[in-house]
Protein chains: 2
Amino acid sequence: MSDELNERSRRILEAIVEDYIGTAEPIGSRAVTRRHHLGLSPATVRNVMADLEEMGYIVSPHTSAGRIPTEKGYRFYVDTLLQVGQLDPRQKSRIEEYYRIDGLRVEERLREAGKVLSTISSYAGVVMTPRFNCTVFRHIEFLKLSQGRLLVIFVSRSGLVQNKVIETDLSLTQSELEHISNYLNQTLSGLSIQEIKAKIVREMAEEKAIYDKLLSRALELSQEAMSDELGGQVYIEGASNILEQPEFKDLERMKRLFRAFEQKSLLVELLDKSQLARGVQIFIGSDSEYREIEGCSLITANYSSSRGTIGTLGVIGPSRMNYSQVIPVVDYTARLVSQILETELE
Amino acid sequence: MSDELNERSRRILEAIVEDYIGTAEPIGSRAVTRRHHLGLSPATVRNVMADLEEMGYIVSPHTSAGRIPTEKGYRFYVDTLLQVGQLDPRQKSRIEEYYRIDGLRVEERLREAGKVLSTISSYAGVVMTPRFNCTVFRHIEFLKLSQGRLLVIFVSRSGLVQNKVIETDLSLTQSELEHISNYLNQTLSGLSIQEIKAKIVREMAEEKAIYDKLLSRALELSQEAMSDELGGQVYIEGASNILEQPEFKDLERMKRLFRAFEQKSLLVELLDKSQLARGVQIFIGSDSEYREIEGCSLITANYSSSRGTIGTLGVIGPSRMNYSQVIPVVDYTARLVSQILETELE
DNA sequence: GTTAGCACTCGGAAGTGATGAGTGCTAAGG
DNA sequence: CCTTAGCACTCATCACTTCCGAGTGCTAAC
């Protein structure tokens, strides 16, 4: 596929993409020759551009304008043209500086990471909180609300607190609930939620062998409590920064994006997808068939504990995004978050 | 002050405000006579309008346009002209319908209320979670994170879970922490946080008389844990709905508003202020000297438990807001939330 | 294969004039 | 004295034109 572009075409495509990223204006043949000395005349560049257009890497918005990259163009640029450098040490310390706050809860920490991403990149920062399933058990607590309704509070090893309400037929007193909590806290401590689920299933199977009624109730409750997907909340920080981008002069487009931000399910899906991969992921526009974020790109990286990936963070902005600058920032921020969660809280 | 307007002027001002609320277009003298049969000619209305303008209730954006209300105009309208009707039963059941979801956590409940407010009003919904200080104690839990850092989890009577990280010099084992938690849970249950704070101060004063070292530590910890303002988080739901309003064609203005939404401190301030009052509160534009929400109004009401106000919710939109419709909606939603928090969770 | 030259296209800015909504003022009428 | 008809005036908006320049594609020469 990438064979269809020779060296010259590539350099010209690269020039177009980078100039367009810089200026947000369509790039003409003359501009290419002016800003990059390729030893070619505008006429030659025009010929190449005509080819690139035919192959779908660029388009011209109208007859007498220059060209702008298509999604395919960006994709190619990101995949084979772009070389991501090291993170500028100044940026590095800028990130660290923003991020040196003590005494924060995990949620705040993550939010803060989103803000930093947004400030540094001047796009919107996105952070997904750890999926319950990906965390390590630390503590559980049951509190009775009204008849049949229990409040369950989980704490993960990293100090993330989550709670949910469950309905149950078991009529238990608060002191029985405390016993159950104690029992679970002793036996499950340090296991991953995955392991716990497996364990519960195993022990439920042997239930008939269980004399202890309390134990059997504990199992039942904890199964109920862990049944569905908790966590995976998405924070979007600095969304207003994105408004500075000239593409959002278009009101309609802006509305669409903000609706997508509000709805979140779309982002959850994308971020979940990216959680499966390692390293920095880049979604370009409707790579993802999502019309709502047409013309936007999402750069993500996972943050992790010593037991593996737990969550995802990144930046969302127009496809005309400064990839070479943003990629290392996202990458570094993810590492920093991992490190902080690990060292501070353990 | 309101003496300076005679009956006729009032009716004309009312007509202008209401028509402008409906159309978002400057209202001319002819339009007033056409839509409201006051038995006056446009010329007479013009004279009155000139007076109203001089007194600062209305302005004309340019020579040959009609008039639009100023903040003073809205203020007067809301304070003395507006009569708020009962909530339309259809709207009522529409709200209830949106709001019938079981098994939600308190946070989700409140968020949901914001969404409902936004959907019904088509402005943005705003909800402030209960201030920690306004809640009733239900449960506390201490977990050790790293040396010197403790995670504290509070649960209020209504089931709201909050947590914070505190730093302490006391080196306590997890089992000592459990003892402390148990002790506090027994002695403090059912007291308001205010009462607890007072109690702690009292007992600290008698500290010398305390033999039990654990008890003294418990006091110290709980004082630390309750020291600062928790809660008071602001959720803004359906912000994108507000984009439909014609006033936000103005990009600059929209940016300002969204920045204000993101920053939140401003809203917290406003909502805190409104929490002191009873019933529906209306802030108009820079009533509040806040330039960021110039041209916007905020309608709020408190929700409460049997022990009094605990939080605030409302709607934010352009000052050109349909007050007579939105006010009863906000009022009813606040009541509904109070009721649900009370009956479901107790 | 590369380039200069040229005719052509088209969006954007600037200018023009007509339209109409709306005003303020004045003078006549109840 | 308040009310109103009439009138001159203002000004945003819209449709229309013109002009300009950036940029293109094509062709023919190097």
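Labels below follow one simple rule: chain letters A, B, ... track the order of the sequence lines, proteins then strands, and each chain is numbered from 1. Hydrogens, waters and symmetry mates play no part in the numbers below; they use all other heavy atoms, side chains included. None of the values given here were measured: they were computed from a predicted structure.
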### Query
Of the nucleotides D/dT24, C/dT2, D/dT4, which one has an atom closest to the side chain of A/Met49?
D/dT24
### Query
How long is the line joining CZ of B/Arg30 and P of D/dG6, in whole Å?
12 Å
### Task
Establish, with yes or no, whether the OP1 or OP2 oxygen of C/dG22 is under 4.0 angstrom from a side-chain nitrogen or oxygen of B/Thr63.
no
### Summary
Per nearest nucleotide of DNA chain D, the residue lying toward the 5' end, B/Ser64 or A/Ala31, is B/Ser64
### Message
Go nucleotide by nucleotide along DNA chain C from the 5' end; which of B/Asn47 and B/Gly66 gets its closest nucleotide reached first?
### Response
B/Gly66
### Query
How close or far is atom P of D/dA12 from atom CD1 of B/Ile68, stated in whole angstroms?
14 Å
### Task
In whole angstrom, give the distance that lies between atom CD of B/Glu25 and atom C1' of C/dA21.
11 Å
### Message
Within the 4.0 Å heavy-atom criterion, would you say B/Ser60 contacts the bases, only the backbone, or no part of the nucleic acid?
### Response
nothing
### Task
Kindly say if B/Arg67 contacts the phosphate of C/dT23, meaning a side-chain N or O under 4.0 Å from OP1 or OP2.
yes
### Query
For A/Arg8 and C/dG1, what is the distance between atoms CZ and P respectively, to the nearest whole Å?
10 Å
### Query
Does A/Tyr123 reach the main-chain N or O of A/Thr119 with its side chain, forming a donor-acceptor pair under 3.5 Å?
no
### Query
According to a strict under-4.0 Å criterion, is A/Thr44 in side-chain N/O contact with OP1 or OP2 of C/dT2?
no
#### Entry: Ring geometry between A/Phe258 and B/Phe258 (parallel below 30°, tilted from 30 to 60°, perpendicular above 60°)
perpendicular
### Task
State whether the number of non-hydrogen atoms from other residues, nucleotides or ligands found under 6.0 Å of B/Lys264 atom NZ is greater than 12.
yes
### N or O in side chain of A/Arg46 less than 4.0 angstrom from C/dC6 OP1/OP2
no
### Task
Whole angstrom is fine here: how far is it from CD in A/Glu7 over to P in C/dG1?
18 Å
### Task
Could you tell me whether a side-chain N or O of A/Thr300 sits under 3.5 Å from a main-chain N or O of A/Ser274, the two making a donor and an acceptor?
no
### Task
Scan B/Ala65 against the nucleic acid and name what it touches under 4.0 Å (heavy atoms): base, sugar-phosphate only, or nothing.
sugar-phosphate
#### Entry: Rounded interatomic separation in angstrom, taking CD from A/Glu53 and C1' from D/dC26
16 Å
#### Entry: A/Ser122 side chain to A/Asn241 side chain, donor-acceptor N/O pair below 3.5 angstrom
no
#### Entry: Interatomic distance where CG belongs to B/Leu38 and P belongs to D/dT3 [whole Å]
12 Å
### Task
Provide, to the nearest angstrom, the distance between the CG atom belonging to A/Asp51 and the P atom belonging to C/dT2.
11 Å
